[in-house]
Amino acid sequence: MPLNSSKCVNQAQCLNEYMTSSYYQQQYWMQVPVMSAVDQCDPVIEGLDDDMDDEKLDDTWQWWDKFRSLCDSNKRLGVALELTPDLPSPGVIERWLSEPVKAVVVPTSLFLTNKKGYPVLSKAHQAVIKSLFKLEVQVIISGQDRHPEKTIRAYQQYMDHLWQSQDPVDTVGQFAKGYEDFLQSPLQPLMDNLESQTYEIFEKDPVKYSQYQKAVYRALLDRVPLEDRDKTDILIMVVGAGRGPLVRASIAAADEAGCKLKKIYAVEKNPNAVITLENIRESEWGNLVDVISCDMREWEAPEKADILVSELLGSFGDNELSPECLDGAQRYLKDDGISIPVQYTSYLAPLMSCKLYNEVRGSKVERGKPPEAPFEMPYVVRLHNCSILDKPKPVFTFSHPNRDEVIDNCRYETLEFTSSEAAVVHGFAGYFDTQLYKDVMLSIVPDTHSPGMFSWFPIYFPIRTPIKLESGASVCLEIYKYRYKSQDDDEDDDDDRDDDEYDEC
Ligand SMILES: C[S@@+](CC[C@H](N)C(=O)[O-])C[C@H]1O[C@@H](n2cnc3c(N)ncnc32)[C@H](O)[C@@H]1O
């Protein structure tokens with residue numbers, strides 16, 4: 001159905017009634033021009049739109065946003081985006097990538113003719129179509145055949161050519177195929193014991209472990225002067241060792257640096273992973289490695305370490321309780337010892353994605369939980385059909401070892417974001433980066449993402465009620481991290497807040 005102006009209330013009401021009462025699960029696509037033709041709506045006939053100023057009247061995304069809002073963002077509603085001779089700015093095009101665009105309509109009048117007489121599109125139109133290919137849109141060629149000497153198939157062949165000439169999918173894209181916009185509960189490796197398959201997926205990452213190896217290597221070079229490399233006995237502790245990849249990386253780093261290791265302690269609380277560690281110790285590492293089956297916060301180490309290596313990070317940095325675990329483990333790090341990672345920071349950015357919002361809204365509510373429960377938790381998700389409305393900003397930073405007299409991992413931050421285009425905020429995208437050692441970093445923040453690393457997808461914090469922003473408007477976020485409360489704390493808790501307040505975080 002064509003959507004030709006912002007005066008769409010009656011049209012939306014009719015379609016909405018039909019969609020909500022219809023037994024059949026048809027999809028409905030609204031054909032929206034990517035840019036409005038100014039003379040398209042006749043003010044004399046249509047009158048001025050009362051609830052939209054001039055800017056909104058021209059902005060076809062606003063027509064669509066109004067229409068879909070009136071239809072309560074029904075999942076069965078999609079967009080067939082029609083290309084127009086003039087195109088809006090890249091920011092406006094980008095906004096469409098967060099919408100349920102199902103098809104791109106390309107009028108034959110947009111095609112130029114190349115030297116050989118074939119239909120081709122301008123570079124700008126090609127770029128828009130290629131960006132929409134990421135949403136797996138269908139292509140509809142509309143209008144009269146304007147290249148009759150070449151037959152109508154020439155248009156189709158040109159579209160095939162555009163499809164084939166897309167940039168190849170990178171490693172992360174290949175790994176993430178099929179996971180796009182799929183909501184997953186974040187792992188909780190402290191509370192749960194991870195399964196072997198989960199470790200197996202981590203271990204396939206081509207970047208994470210080589211960066212860790214580089215970090216340990218650099219730390220060893222700094223810690224041991226060249227002349228002492230063959231005699232100094234360095235002690236490394238890998239805490240949260242999983243099935244051993246960081247132990248391997250540490251041994252390789254020591255070999256590379258020509259450093260003699262006294263011992264590596266591999267501390268792991270998951271009894272299943274400990275079995276694998278024991279097997280590798282017997283077959284490969286021998287006496288160099290001691291496997292300790294224990295929670296790192298409780299272990300009484302027989303000696304202190306030079307380097308404490310860990311990877312307890314979630315997509316939002318501290319959300320797998322890395323600070324809380326490392327605060328417990330740093331007792332057995334020498335006073336001048338090094339923690340790898342040294343530091344990590346979480347980031348947030350406002351996000352628009354009708355798709356993710358609908359996924360959360362439609363997700364099953366666990367028995368005994370309130371209906372809004374799905375909006376009260378974050379999700380790990382490969383963000384795809386979405387648009388990030390402002391640059392991510394840093395949120396919380398944690399450094400290790402933490403030598404503060406009283407360690408306080410509580411945090412509070414206020415962030416303000418501005419959207420350059422009119423948009424709807426459906427929640428916030430979360431990321432992290434970490435300084436392993438000196439300039440050796442890992443990052444999933446889009447602008448600094450470690451190339452090829454796929455161990456972490458971003459995290460999505462949904463909001464219950466989407467917030468409409470006009471262009472240039474700001475949205476403010478307040479975020480808290482409360483003290484982590486373990487079961488033991490329940491017994492001797494002298495904090496006068498009750499449990500519900502902790503649950504809120
Ligand atoms: C994200 S995994 C990383 C595993 C492995 N180092 C790797 O990089 O593949 C975190 C590991 O830390 C372990 N872990 C989490 N908290 C722990 C704790 N308090 N004490 C010991 N191990 C812990 C988990 O069981 C899990 O094996």
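Note that these values count all heavy atoms, side chains included, but never hydrogens, waters or copies made by symmetry. The first residue of the sequence shown is numbered 1, and numbering continues consecutively from there. In this text, all values refer to a predicted model and were calculated from it rather than measured experimentally. Indexing begins at 1, ligand by ligand and atom by atom, following the structure's order.
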Check ion pair [X]-[Y] (N to O, under 4.0 angstrom):
X      : Y      : answer
Lys263 : Glu303 : no
Lys334 : Asp306 : yes
Asp65  : Lys468 : yes
Arg223 : Asp336 : yes

Whether Phe202 and Tyr199 hold their rings parallel, tilted or perpendicular, with breakpoints at 30° and 60°: perpendicular
Check: every ligand 1 N/O to protein N/O pair under 3.5 Å:
from	atom 1	to	atom 2	distance (Å)
ligand 1	6 (N)	Gly240	O	2.9
ligand 1	8 (O)	Lys208	NZ	3.0
ligand 1	8 (O)	Tyr209	OH	3.4
ligand 1	9 (O)	Tyr209	OH	2.7
ligand 1	19 (N)	Asp295	OD1	2.9
ligand 1	20 (N)	Met296	N	2.8
ligand 1	22 (N)	Lys269	N	3.3
ligand 1	25 (O)	Glu268	OE2	2.6
ligand 1	27 (O)	Tyr199	OH	2.6
ligand 1	27 (O)	Glu268	OE1	2.7
ligand 1	27 (O)	Glu268	OE2	3.2

is_close_aromatic(Tyr357, Phe375), centroid dist under 6.0 Å: yes
